[in-house]
> 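Input: one structure, supplied below.
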Amino acid sequence: MATQKKRNKSRTRPALKKSARKVVKLSSARKAASKKASNGNGLPKPSTKPYGQAGLALQGVRVLDFTHVQSGPTCTQLLAYMGADVIKVERPGGGDITRGQLRDVPNADSLYFTMLNGSKRSITIDSKHPKGMEILNRLIKTCDVLVENFAPGALDRMGLTWEYVHKTNPRMIVASVKGFGPGPYEDCKVYENVAQCAGGAASTTGFREGPPLVTGAQIGDSGTGLHLALGIVSALYQRIRTGRGQKVLCAMQDGVLNLARVKLRDQQRLAHGPLTEYSQYGEGVAFGKAVPRAGNDSGGGQPGWIVKCKGWESDPDAYLYFITQAPVWEAICDVIGEPTWKTDPDFATPKARLPRLKQIFARIEQFTMTMTKFEAMNLFNEHDIPCGPILSMKEIAEEQSLRATGTVVEVDHPTRGKYLTVGNPIKLSDSPADVRRSPLLGEHTDEILKDVLGFKAAEIAEIKASGAISAPEKKEQAA
Ligand code: CAO
């Protein structure tokens, strides 16, 4: 009835002049815009489902995961934790080389592999086999993102150039980790420590009198993987507007430099005088032309150092990081038993303290050596003094609060049994992390061929016989 009325109305509407029609058009556009704004810029109405029950953040995103070793797998594991369907393509026979590296349990996937490939599915495909390429083509058509960290040129040699992938699926985002960006080193293969050195981290890590040092945190591999994940999510977001994919490139050198940016800051400060918060300044040692290694000095304007605690003689981790934060200086003086330092002009101001940091930390250490690092942490925290115990990996593995938050997760694996992995360090209030064990090599090959790519049973049998997905059968066929 209402529709009928509307129709009649439009039929009886008198013809409008051209200019008047334009006004009508404009006002309806404005109306639509204001309706859109009141709806939240075209977003759906806020879900009424309880938080945590409205699906996972990246649900519906399918990732063709061509990554190996550490940098790329870090990225795709995070996407999988966030809910993406990550399909890891591995070479038949051995798969990702890390499956067999640093093995601790005979014949089981190593922790190196299992801790970087959780929540993914694994399919074996020989990309150099024509039938394998046929399967890959189907995957390219159905996936949203292709992630790879092969050596420069390897993806192109497979025939999967950007032009080819983009033509096959214009919506596909192609994300790569490489050692270096465009320039003199772009063709080089790169591993973690090379990136730490080339990104400026190693020259600024360690003690002044010693050689450059690499750090245990994998800032080159895992750090770049994290950068790549952000690039991918940004590209997915832009695709909502543009409808097309794009290339995302993260060079490990760039990723490390991004994490070492405070040292590039200090490099520029050097042109205007010595770096007064570096203990070398207090020790009267002249600065050279480049940022020196600063030992355990804290990077910012709040001087810090590592001090010994009770038991340091036998426990290599019985230490505390202590920060002489200016606003709590008086509390520090009281707690360590040097109340006169509160008013002594040699100690009362941050500037006066800078040349005396060695003496100050020696006194603090004398005090902390009388208690364990945890006792010291508790005591200083009562006075709002920032400090932190040096935790061993054993202590971290046993720390129950990290288990409670899902930062450390125990998962069960069919061939190696239970193991600990690092869960999602990024907590979303409406998207619980999906942390599951890593897949066995080719564990989901059949399921992906059938359910994702729609191959019929007879076609799957033909693929198997061709040797494109299974190394042993390839041998049998050849025999
Ligand atoms: N089927 C058939 N062939 C496959 C395949 C599959 N499913 N998956 C990979 N391959 C082939 C590739 O096509 C390539 O062959 P070609 O060189 O003949 O074209 C080869 O396997 C793998 O290439 P790679 O050069 O990437 O491997 P590598 O072990 O020699 O080098 C690494 C490893 C990490 C140094 C290199 O990949 C690299 O520099 N990557 C970029 C930077 C990076 O991510 N480094 C971090 C690594 S973690 O420390």
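Starting from 1, each residue takes its place in the sequence as its number. Quick caveat, the model's predicted, so the values are computed rather than measured. Ligands are counted one by one from 1 in listed order, and the atoms in each one are counted from 1 as well.
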> Would you say ligand 1 has an N or O under 3.5 Å from any N or O of S127?
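Such a contact does occur with ligand 1.
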> Quick one: look at T224 and ligand 1, take heavy-atom pairs under 4.0 Å, and tell me if it's side chain, backbone, both or neither.
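For T224, no heavy atom sits under 4.0 Å from ligand 1.
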> Without swapping roles, check the side chain of E443 against the backbone of L440 for a donor-acceptor pair under 3.5 Å.
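At least one qualifying donor-acceptor pair exists.
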> Going by distance only, is there an N or O of P92 that falls short of 3.5 Å from an N or O of ligand 1?
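Checking ligand 1 against P92, no N or O pair falls under 3.5 Å apart.
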> So, K310 and D315, do they make that salt bridge, N to O below 4.0 Å?
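Salt bridge between K310 and D315, a charged N being under 4.0 Å from a carboxylate O: no.
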> To the nearest 0.1 Å, how far is atom 18 (O) of ligand 1 from its closest protein heavy atom, and which atom is that?
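That would be K128 NZ, 3.2 Å.
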> I want to confirm something. Looking only at heavy atoms, which of K178, R91, E148, M133 is nearest to atom 10 (N) of ligand 1?
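Among K178, R91, E148, M133, the closest heavy atom to atom 10 (N) of ligand 1 comes from R91.
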> List every atom of ligand 1 that sits less than 4.0 Å from any heavy atom of D221, numbering the atoms from 1 in the order shown and giving each element.
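Reading through ligand 1 atom by atom, the close ones are 46 (C), 47 (C), 48 (S), 49 (O).
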> Compute the shortest N/O to N/O distance between R157 and ligand 1 and return yes if it is under 3.5 Å, no if not.
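Yes, R157 has an N/O under 3.5 Å of an N/O on ligand 1.
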> Tell me, please: is H129 in heavy-atom contact with ligand 1, that is, under 4.0 Å?
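Flag not set, H129 not near ligand 1.
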> Side chains of P212 and T205: does their closest heavy-atom pair fall under 4.5 Å?
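No, too far: nothing below the 4.5 Å cut-off.
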> Just so I know, are the side chains of C188 and F180 near enough to count as touching, which here means a heavy-atom distance under 4.5 Å?
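The answer is yes, as the side chains (C-beta and beyond) meet within the 4.5 Å cut-off.
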> When you measure from atom 8 (N) of ligand 1 to each heavy atom in M158, E192, E90, H68, which option holds the nearest one?
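Closest candidate by heavy-atom distance is M158.
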> Can you sort out which atoms of ligand 1 are near I125, meaning under 4.0 Å from one of its heavy atoms?
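Matching atoms, with element in brackets: 1 (N), 6 (C), 7 (N).
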> Among E90, K88, H444, find the one that has a side-chain hydrogen bond (donor to acceptor under 3.5 Å, both in side chains) with S122.
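Of the listed residues E90, K88, H444, the side-chain hydrogen bond (donor to acceptor under 3.5 Å, both in side chains) partner of S122 is E90.
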> If we only count heavy atoms from C-beta on, is the L228 to L230 side-chain gap below 4.5 Å?
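A side-chain contact is absent here, since even the closest heavy-atom pair is not under 4.5 Å.
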> Evaluating non-hydrogen atoms only, which member of Y191, F150, F180 is closest to atom 22 (C) of ligand 1?
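Shortest heavy-atom distance from atom 22 (C) of ligand 1: F150.
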> Identify the closest protein heavy atom to atom 26 (O) of ligand 1: which residue and atom is it, and at what distance?
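I find the closest protein heavy atom is A151 N, 2.8 Å.
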> Hey, what do you get for SG (C75) to CD (Q70), rounding to the nearest 0.5 Å?
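Result: 12.5 Å between the selected atoms.
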> Ring of Y419, cation from R437 - is the NZ or CZ under 6.0 Å from the centre and inside 45° of the axis?
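No - R437 does not lie over the ring of Y419 by the 6.0 Å and 45° rule.
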> Yes or no: does G72 have any heavy atom under 4.0 Å from an atom of ligand 1?
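For ligand 1, residue contact (heavy atoms, under 4.0 Å) with G72 is absent.
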> Please state whether the rings of W305 and F207 are parallel, tilted or perpendicular, taking 30° and 60° as the class boundaries.
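The rings of W305 and F207 stand perpendicular, inter-plane angle above 60°.
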> As a quick check of understanding, evaluate ring pair (Phe, Tyr, Trp, His ring centres under 6.0 Å) for Y281 and F287, giving each step before the final call.
CA-CA 8 Å; Y281 170 72; F287 283 81; 7.4 Å; no
> Which one of T67, N149, L136, V69 has a non-hydrogen atom at the shortest distance from atom 40 (N) of ligand 1?
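Minimum heavy-atom distance to atom 40 (N) of ligand 1 goes to N149.
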> Between Y278 and D266, is the side chain to side chain donor-acceptor pair (under 3.5 Å) condition met? List the steps.
CA-CA 10 Å; Y278 282 48; D266 291 351; 2.5 Å; yes
> Give the numbers and elements of all ligand 1 atoms closer than 4.0 Å to a heavy atom of D126.
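Once the distances to D126 are compared, the set is 1 (N), 2 (C).
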> Among all protein non-hydrogen atoms, which one is nearest to atom 45 (N) of ligand 1, and what is the separation to 0.1 Å?
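Going atom by atom, the protein heavy atom closest to atom 45 (N) of ligand 1 ends up being V190 O, 2.7 Å.
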> Any idea which atoms of ligand 1 are less than 4.0 Å away from a heavy-atom of V177?
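Every atom of ligand 1 under 4.0 Å from some heavy atom of V177: 41 (C), 44 (O).
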> Considering both backbone and side-chain atoms of K189, is one of its nitrogen or oxygen atoms within less than 3.5 Å of a nitrogen or oxygen in ligand 1?
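Yes, K189 has an N/O under 3.5 Å of an N/O on ligand 1.
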